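Side chains are part of it too, since the values below use all heavy atoms of this structure and drop only hydrogens, waters and symmetry mates. Note that this is a predicted model, so its numbers are computed, not measured.
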Amino acid sequence: MRIIEARISITTTAGHHTGDYRLITTLLDPRRYPATDLVRLYHERWEIETAYLELKSTILGGRVLRARTPDGIDQEIHALLIVYQVLRTAMVDATDSQPGLDPDRASFTTALNAARDQIVHAAGVIADTTIDLVGTIGERVLANMLPDRRIRTKTRMIKRSNSKYQARGPNIDRRTYKATTSINVITNEP
C-alpha cells in the first residue's frame, strides 16, 4: 500500500480553500504512477457512481432484475453491461468525431432513447456498405449535448439519511466558478 499526502488549494471568485488530503493506493511504483498524476485523477473516482446510476435508473428504470435463478441473473447482468458498454462506445465515437468535444457532455439518456427507437422501429437493421461510426445514436447525442460540467470546488459529503431532498433548496449555490487548483504533494517519493 502507498500513502500519498497532498495539499490542494482551490481559488475561485467566491474565495480560497486549502485542504490536506490522503490518498491510499495499490499503485506502488512512483515512477510509473507519479503522486501528482494520481491526485489530479482522484476526482474521476465518482464516474463509477454515474455508471451505476445509469445502469439502475436509466436502463432498468428502477425495476429489479427479472431472473429467478443465479444463471439467469448472471446472464441479465452481463446483458446490461454489454448494452451499457455499446452505448458508451457509440457516445465516445460521436464525441470523437468533433475535435475538442468533451465526452462528459454526451447524454446517456439520449443515447439509450435513440437505441430504443432504432430497435422499436427496426431502423437501420440492414447496414450499408459504408460504416458510419457516428450513426443514428451518435447524431442524436451530438444534437443534444449537455452543458459543460461545473467545476466541483466543495468536498463530497454523504447525504443525511433523514431526507433524500437535503441538497435542494433556495440556499444552494449553483453558479459556475472559474477555479484555479494547485496541488502540492507532501509525501516524499523518489
Any Asp102 side-chain heavy atom under 4.5 Å of Thr95 side chain: no
Has Gln75 got more than 12 heavy atoms of other residues, nucleotides or ligands less than 6.0 Å from its CD? no
Is there side-chain contact between Thr25 and Met1, with heavy atoms separated by less than 4.5 Å? no
For the residue pair Ile73 and Thr69, establish whether any side-chain heavy-atom pair is separated by less than 4.5 Å. no
Are Glu54 and Tyr84 linked by a side-chain donor-acceptor pair shorter than 3.5 Å? yes
Under the salt bridge (Lys or Arg N to Asp or Glu O under 4.0 Å) rule, what do Arg140 and Asp117 come out as? Steps first, then yes or no, please. CA-CA 11 Å; Arg140 278 261 216 57; Asp117 289 348; 2.4 Å; yes
For a side-chain contact (heavy atoms from CB on, under 4.5 Å) with Leu55, tell me which candidate from Leu60, Val83, Thr50, Leu81 qualifies. Leu81
Would you find a donor on one side and an acceptor on the other, under 3.5 Å apart, between the side chain of Glu76 and the backbone of Ala67? yes
Would you say Val39 and Tyr21 make side-chain contact, with heavy atoms under 4.5 Å? no
Is the backbone N or O of Leu27 less than 3.5 Å from a side-chain atom of Arg2, with the two atoms forming a donor-acceptor pair by type? yes
Would one find more than 12 heavy atoms of other residues, nucleotides or ligands at under 6.0 Å from atom NE2 of His16? yes
With heavy-atom distances below 4.5 Å as the criterion, would you say the side chains of Leu142 and Leu101 are in contact? yes
Find out whether Ile8 and Thr18 are in side-chain contact, i.e. whether some heavy atom of one side chain is under 4.5 Å from a heavy atom of the other. no
